[in-house]
Amino acid sequence: MPSSRRRTTRRSAVTLAALVTGALAAGLLTAPTAGAAADDDGVRIHDIQGTTRLSPYAGQQVAGVPGVVTAVRGFGSARGFWFQDPDPDKDPATSEALFVFTGSTAPDVRPGDAVLVSGTVKEYYPGGENAGLQSVTQLTGAQWTVRSSGNALPAAVELNARTLPFRYAPDAHGGSVEKLPLRPDRYALDRFESLEGMRVSVRNAPVAQATSQYHDLWVTADARHDRTARGGVLYGAYADPNAARVKVASLIPFAERPFPVANVGDELTGVTAGPLDYGNHGGYTLQATELGSLTDRGLKRETTRKQRRGELAVATYNVENLSPKNPQAKFDRLASALVTNLASPDIVALEEVQDDNGTGNDGTVDAGVTLKKLTDAIAAAGGPAYQWRQINPVDGRDGGQPGGNIRTAFLFNPARVSFTDTAGGDSTTPVTVVRDGGRAALSASPGRIDPANEAWQNSRKPLAGQFTFRGKRVFVIANHFNSKGGDQGLDSRFQAPSRTSEVQRGKQAKVVNAFVKQLLAADRKANVIVAGDLNDYQFSPALSALTAGRVLTDQVNLLPVKERYGYVFQGNSQVLDHILTSPAMNGRKRTDYDIVHINAEFADQASDHDPQVLRWKP
């Protein structure tokens with residue numbers, strides 16, 4: 001039974017009655033129909049939440065709004081509490097809960113407190129309104145009175161395949177969905193919004209993205225939909241972004257209950273419950289006051305097979321801002337992966353290699369120290385004595401972390417493959433295709449492809465290299481297309497979300513495609529490999545532009561569907577890195593391609609990307 005106590009928050013200098021009376025006298029509050037309530041017979045939470053994403057009371061003051069405190073966030077700069085009306089209306093579109101924002105002050109309430117709350121209704125946009133995320137309806141400048149304690153909390157709404165629609169979001173043709181009536185029975189985003197702030201739960205939820213450094217993880221509330229071969233959730237089309245994904249964070253003090261360190265495919269067994277929030281980086285977030293137990297499904301890092309004597313092994317690996325400032329442990333882990341998990345490929349296209357002082361922005365552009373430290377670590381791990389080739393970028397022109405001057409680079413094993421060094425390649429001189437002995441060749445090796453083209457503005461320029469394997473010329477193009485930064489998220493308030501970065505990647509893909517066509521025009525049987533972090537999906541316009549004219553085959557499309565991923569973002573296992581091959585390299589049993597899962601699915605990562613390897617038999 002709830003205790004019968006009344007307590008006014010310490011933040012209040014006057015009683016609630018005096019507050020309301022004074023506000024009415026001053027004209028600060030009006031009749032309930034104009035957006036205010038004088039007591040708990042007036043405005044309710046569902047009135048404030050309304051039937052769209054924007055509160056009809058936004059910017060107005062309300063008073064005496066009743067509810068039961070369900071959770072308290074007493075840490076950080078966004079402290080406050082959630083309270084929920086135990087007497088809901090019959091409209092499924094209206095949420096029955098609100099967050100009360102108290103800033104840096106810990107609120108003096110506890111779960112189970114029945115409260116009357118007054119304050120100003122505000123729509124809070126995580127990251128600012130220009131970030132494109134949805135807003136959170138909340139009360140600010142709040143005062144509250146505790147009427148009783150020990151009350152039962154409203155039952156949590158279980159998120160599962162039955163309660164979450166398959167369709168993800170309404171289509172506003174790129175515009176805002178904020179003023180559209182919520183249709184929680186039709187769209188998952190509308191369903192989440194209709195539950196904003198309310199107690200929700202997941203049961204026996206598979207982990208779809210590993211625990212991050214911010215102590216959160218993603219689960220899927222639909223254990224059967226689009227699962228990968230290793231237990232993740234596959235993102236295989238724009239039309240199906242997997243509606244049942246939800247982020248899980250914790251309101252439980254870590255000293256009391258450490259947050260679980262989970263990998264993809266593990267499970268939060270039992271019930272995980274708490275208010276449904278919306279995060280600063282997007283994504284509806286279950287702020288757990290009750291955490292299921294972690295069931296470790298024993299996910300293992302993969303090891304690919306060793307290439308045979310007559311096979312050329314070419315890998316690509318985004319080493320995530322590698323610089324001498326990184327701890328030696330990162331170099332050792334990357335080296336161990338290259339030697340053991342990737343079986344010492346003959347050629348490695350590296351992405352995100354920083355200059356010798358990392359993000360120190362003093363004009364340094366050379367990466368010799370970075371690459372030597374990596375190759376030394378590889379040798380110490382029992383790997384080959386790799387050599388490297390790269391071209392220093394113009395300072396500050398290739399994007400990435402300021403001062404880092406990231407670039408692509410080649411490692412190669414001279415005991416297995418030779419590099420054709422042809423002078424003339426530098427940061428601004430474009431490599432061209434020439435004929436040599438009746439075959440295609442590069443005017444400079446290594447060389448940069450069309451570096452002055454506006455497609456590469458503030459982005460990495462492709463690095464082309466000419467290799468020889470068992471008498472066969474092989475042209476490898478290492479790429480790192482521009483990032484998705486600036487794109488609107490899947491859960492943006494703009495639907496369908498704009499992917500503005502696709503425009504530049506499309507231009508970049510056309511430049512590389514044109515260069516491959518030049519190689520094939522000089523020798524239709526040229527062996528060409530395009531590899532790297534293309535920052536886009538196998539079904540994207542950029543990949544269509546890159547493969548146009550059937551000059552390249554994207555090897556990822558030859559894998560079984562459930563294995564087509566090497567990166568995990570917001571609970572979606574997806575493709576960003578690719579290896580593509582020219583027609584002469586393809587054919588029955590000539591190529592063997594593997595995405596080697598050692599990073600993206602794990603809480604403990606050396607990089608956020610999984611490497612890939614292609615084995616080719618001439």
Side-chain angles (χ1 to χ4, degrees), residues 1-12 15-17 19-20 32 37-50 55 57 62-74 78-102 105-121 136-159 193-201 250-252 271-278 285-291:
M1 296 291 292
S3 62
S4 56
R5 68 185 177 99
R6 293 182 62 88
R7 173 166 51 87
T8 302
T9 175
R10 296 172 186 170
R11 300 179 65 241
S12 175
T15 66
L16 180 64
L19 171 69
V20 175
D39 54 44
D40 59 7
D41 292 325
V43 168
R44 314 285 288 211
I45 292 174
H46 47 250
D47 299 321
I48 296 170
Q49 286 283 13
S55 170
Y57 291 80
V62 293
V65 181
V68 174
V69 175
T70 60
V72 177
R73 182 159 60 205
R79 302 183 187 191
F81 63 91
W82 288 266
F83 74 122
Q84 184 169 334
D85 195 331
D87 185 20
D89 65 6
K90 298 183 182 300
D91 190 343
T94 57
S95 170
E96 299 293 341
L98 275 172
F99 180 67
V100 179
F101 174 72
T102 62
T105 303
D108 185 20
V109 292
R110 293 190 295 269
D113 285 352
V115 291
L116 292 175
V117 186
S118 304
T120 300
V121 179
V136 178
T137 304
Q138 59 185 26
L139 292 181
T140 63
Q143 310 285 343
W144 57 87
T145 294
V146 176
R147 308 175 75 185
S148 64
S149 296
N151 296 279
L153 303 186
V157 176
E158 184 173 339
L159 304 177
E193 177 64 21
S194 75
L195 298 171
E196 180 185 83
M198 293 177 61
R199 276 175 43 82
V200 299
S201 68
S250 179
L251 296 172
I252 304 170
V271 174
T272 298
L276 187 65
D277 195 13
Y278 185 74
T285 303
L286 193 166
Q287 296 282 0
T289 56
E290 178 183 355
L291 265 174

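Fair warning: this is a prediction, and the values are worked out from it, not measured in the lab.
Note that the CG atom of D277 and the CD atom of Q138 stand 9.0 Å from one another [nearest 0.5 Å]. How far CG of L276 is from CH2 of W82: 10.0 Å, rounded to the nearest 0.5 Å.
Counting only heavy atoms from C-beta outward, the side chains of T145 and S118 never approach each other to under 4.5 Å. Using a 4.5 Å heavy-atom threshold, the side chains of Y57 and V43 count as touching. In this structure, I48 and H46 have side chains that are not in contact, with every pair of non-hydrogen atoms separated by 4.5 Å or more. In this structure, F99 and F83 have side chains that are not in contact, with every pair of non-hydrogen atoms separated by 4.5 Å or more. Proximity of W144 to P107: side-chain heavy atoms (C-beta onward) are separated by under 4.5 Å at one or more points.
Tested against V109 for a side-chain contact (heavy atoms from CB on, under 4.5 Å), the candidates V117, V72, T102 yield a single pass: V72. With R199 as reference, T70 is the one residue of V68, V157, T70 to meet the side-chain contact (heavy atoms from CB on, under 4.5 Å) rule. Evaluated for a side-chain hydrogen bond (donor to acceptor under 3.5 Å, both in side chains) with Q49, the options R44, E196, E193, E96 yield exactly one hit, E196.
For E290, the side-chain contact (heavy atoms from CB on, under 4.5 Å) partners at least two apart in sequence or on another chain are V271, A273.
Nearest heavy atoms, A71 versus L251: CB-CD1, 3.7 Å. Nearest heavy atom pair, residue A106 against residue G74, reads CB-O, 4.4 Å. Closest approach of S194 and A93 over heavy atoms only: CB-O, 3.7 Å. Contact between A97 and I45 at its shortest, heavy atoms only, is N-CG2, 3.3 Å. Contact between V62 and L139 at its shortest, heavy atoms only, is CG2-CD2, 3.9 Å. Nearest heavy-atom pair across T289 and P275 is CG2-CD, 4.3 Å.
Side-chain N or O atoms of S250 include one that pairs as donor or acceptor with a backbone N or O of I252 at under 3.5 Å. Judged by distance alone, with hydrogens and angles left aside, the side-chain atoms of S55 form no donor-acceptor pair with the main-chain N or O of T137 at under 3.5 Å.
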Please determine whether side chain to side chain contact (heavy atoms under 4.5 Å, CB included) holds for the pair R79 and F101, giving the CA-CA distance in whole Å, both sets of side-chain angles, and the decisive distance to 0.1 Å. CA-CA 6 Å; R79 302 183 187 191; F101 174 72; over 6 Å; no

Could you please spell out the steps behind the side chain to side chain contact (heavy atoms under 4.5 Å, CB included) verdict for L159 and L195? CA-CA 10 Å; L159 304 177; L195 298 171; 3.8 Å; yes

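A donor and an acceptor atom, one from each side chain of D113 and S149, are located under 3.5 Å apart.
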